[in-house]
Amino acid sequence: MREALLIIVPLAAALLAAVWPSERTRAWLMPATGVIHVVLAFWLLFEPPVVALHGWLGFDPLARAVLPMVSVLFLACAAYGVSYLRLRVERPNRVFVASFLLLLGLLSAAHQARHLGVLWIATEGLTLAAVPLLHFNGSGRSIEATWKYLLVGGTGIALSLLGSFCLGYASLHGGGGGDLTFAALTAQGAGLSRPWVLTAWVLLLVGYGTKMGLAPMHTWKPDAYGEAPSIVGALLAGGVTTVAFTAILRVRAVVSAAGEGAIADRTLLVVGLFSMVVAALFLLATRDFKRMLAYSSVEHMGILSIGAAFGAVGVWAALFHVWNNSLTKGALFLSAGNIRRAAGARTTDQVRGMSLLTPRSAAIFVTGMFAVTAMPPFGPFFSELKLVRAGLERGQVVSIVLFLVCLLLAFFGLTRLVFAIVDGRPRAASKANSARFSETPGVIGPPLVLLVFSLWLGLGTPAVLLEAWSAAVAQLYPAP
Amino acid sequence: MNHALDLLIGLVMGLNLLALGSGRLPSLIRAVSLQGVALGVMPLLMEPEVRWHVALVALATVTGKGLVIPALLRRAMRTANIDREILPFVGFVPSLLLGAGGTIAAMVLAHELPLLPEQTGSLIVPGALASIFTGFLLLIGRSKAIAQVSGYLILENGIYLFGLLLIHAMPLMVEAGILLDLTVGVFIFGIIVDRIQREFDSIDTRKLTTLRE
């Protein structure tokens, strides 16, 4: 019941938001729902429920290992959202608030989906629910970004549907009943028809990889993250991508049960490394600090994909990294939003000296940048270290060297851009503009909390999380 | 095997080529709409006796793909008040040649794929592959937003056709969910096309070039 409430409460709140009469108080529905969701998610984290093996939805170990983080991120974004929407009173927020809550409900459903069809429905729903959020600003640029997001994302999601059908056909062709629950597919294992399993794997990797933002399917990402309000960017980068990642993990477990795990791992490794290379190169070139966050996200999706390729230890590191990346990215997006608003611009040509105009946001932004580039003692350092060790244990020396080179290049790119914005003397236009936006606790608190959370994960990862990740790995790699 | 079914799939493949050769939006939309109706009828032909849930899916598909979605597209086209030339990136003759080549390739490829004995002779898989290929070709090769959405629809039709292989295995709830998602998706596409039109005074996606590195 509790696990169903994770889905029902946000959906009900979305409906409520759609009919809520007052523009001013409607935004409070977001943090209110967020609090209930966090309480439920952490209750479930500490006291996991019994999962029906062949159920379509269930709070299984993999959902338990990721969903509480999405919940925390949502609450931070929602809290920030109240202050944000107060700054944007000129735009009606009914659709925005309702879609934002709908996004949470669908995120919860997608993470708990134990059936390929249900997973697809929830993911497609997520893609569509994000559309009104992306063009909230209503500018020509935001509509262009939304169009590209819809076309690329829609095609990706269509291919993952085709992949799901192929996996179903693999079951039929192998003599099974075509049951699309992950449990049934895994149980059929070697009985699945191999050629169809491989076709399904390629299509599902491309499809969900598009949603995740792995290169070369990442092209929508810089545009969408660059134009969306920062709470939307944070939730897309830290929430929606994790759905696609766990979807790939679940499918990989089926492919592995069918006896093609080695091929799956190899493709994940290649796609992951390619994403890191592409992201590192673009990070060295971009001049826009919101697009920079998108490329950083592509880089970290590459890291997750590489982790997934390195067996049980690697997946454990990747799940750890999911938490680190999402929470740190959240802090970066929200503080970047503050800086962007105060500066009135987003490229290094027009923005500098923000440490004088927005000292607190700039401090969070710089610290977050160090955290996301794996500076100890923040969480990302430890998850990436774990991943490097997992790779070396498997003898993947060349891949690890390339991985480290990309991290270094990304570090150069990020520091170059962040310090160009923070240092120096502010421009007159920014000065005049920033007077309109003060750094209230409502816009400083949420990113700060996320950053502290990321620091806490690095300094002393809570035992319950270590156990949750191990349980998820045990679900994906059942002992023979 | 099932002659009526194969005839309909043949019609779908013909409509793919018609869509590729269309120089004007109304004829493109008509091709997509006819394809939707043909797809909707197919589940009825696959069953020896018609069960209510299959009939429901068929009805929903014919209404959704054959009527509602094309009506939305026509409305978007009319409110946009655009000239109805399609303005291709890839010309019509090359598109047609590519489409025909793709259809032949789909036949050959489907022959190579391992299929269940009762489906080996059927046109389902080649039809699906050819439609997916056509959809991609239109997505890439056309510049008007509505033409791209039509391409996306043909791509989806191809996937739907492939899904018919699983019609006995797929629970109704899942089918209904997928159908609903697709319809809402196209509805949202329509809204965005409308926004593009209002903002840029055109639905030519070649004007969407501000965001680049």
Side-chain angles (χ1 to χ4, degrees), chain A residues 56 115-118 120-125 127-129 131-132 134-135 138-151 154-155 157-159 161-162 164-166 168-169 171-173 175-180 193-196 199 222-224 226-227 282 285-288 291 295, chain B residues 112-116 119 125 128-129 132 135-136 139-140 145 148-149 151-152 155-156 158-171 173-182 184-189 191-200 203 205 207-213:
Chain A
W56 286 3
H115 183 287
L116 258 176
V118 176
W120 185 86
I121 292 169
T123 314
E124 165 88 358
T127 309
L128 299 177
V131 168
L134 284 177
H135 73 98
S139 62
R141 295 168 63 100
S142 71
I143 290 169
E144 178 180 344
T146 311
W147 179 250
K148 290 180 178 168
Y149 165 86
L150 255 181
L151 269 193
T155 310
I157 211 82
L159 289 180
L161 179 62
L162 184 61
S164 306
F165 286 156
C166 284
Y169 197 69
S171 162
L172 280 184
H173 193 259
D179 185 350
L180 285 178
S193 156
R194 294 278 179 103
W196 286 106
T199 317
D223 299 343
E227 299 309 318
F282 274 99
T286 186
R287 311 175 67 77
D288 178 326
R291 291 173 77 88
Y295 288 117
Chain B
E112 299 297 315
L113 284 170
L115 293 173
L116 286 174
Q119 283 147 353
V125 177
L129 293 176
I132 291 168
F136 269 120
L139 266 175
I140 299 164
Q148 288 179 347
V149 177
Y152 182 72
L155 171 72
E156 263 179 6
I159 294 171
Y160 177 95
L161 200 50
F162 191 87
L164 288 181
L165 292 176
L166 295 174
I167 189 159
H168 297 292
M170 192 74 88
M173 278 285 289
V174 175
E175 265 172 47
I178 290 171
L179 216 59
L180 179 74
D181 264 3
L182 294 180
V184 174
V186 175
F187 187 66
I188 289 178
F189 262 116
I191 294 173
I192 300 297
V193 169
D194 185 51
R195 293 280 156 85
I196 294 177
Q197 151 69 19
R198 265 193 251 161
E199 185 71 26
F200 297 89
I203 55 162
T205 52
K207 295 203 174 159
L208 304 179
T209 50
T210 332
L211 303 176
R212 55 169 59 190
E213 216 56 57

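When all heavy atoms of Gln148(B) and Leu151(A) are compared, the pair lying nearest together is OE1-CD1, 3.2 Å. The two residues Leu116(B) and Leu172(A) come nearest to each other via the heavy atoms CD2-O, 4.0 Å. Looking at every heavy atom in both residues, Tyr152(B) comes nearest to Thr155(A) through CE1-N, 3.7 Å. Across every non-hydrogen atom of Pro114(B) and Tyr169(A), the tightest pair is O-CE2, 4.1 Å.
Looking at Leu115(B), both its backbone and its side chain come within 4.5 Å of chain A, counting heavy atoms on both sides. Ile157(A) touches chain B through its side chain: at least one heavy atom from C-beta onward sits under 4.5 Å away, while N, CA, C and O do not. With a 4.5 angstrom heavy-atom cutoff, Leu180(A) touches chain B only via side-chain atoms. Heavy atoms of Ala145(B) lying under 4.5 Å from chain A belong to its backbone as well as its side chain. Only the side chain of Leu155(B) comes within contact range of chain A, judged by heavy atoms closer than 4.5 Å.
The closest side-chain heavy-atom distance from Phe165(A) to Leu165(B) is not below 4.5 Å. Between Phe189(B) and Leu128(A) there is no side-chain heavy-atom pair separated by less than 4.5 Å.
Looking only at heavy-atom pairs under 4.5 Å with chain B, the residue among Ala158(A), Ser139(A), Gly178(A), Pro132(A) that has the most is Ala158(A). Of the listed residues (Gly138(A), Gly140(A), Gly117(A)), the greatest number of heavy-atom pairs within a distance under 4.5 Å of chain B belongs to Gly140(A).
Once rounded to the nearest 0.5 Å, the distance linking CD1 of Ile143(A) with CD1 of Ile196(B) reads 7.5 Å.
Remark: aromatic rings of Trp196(A) and Phe162(B) are close, center separation under 6.0 Å.
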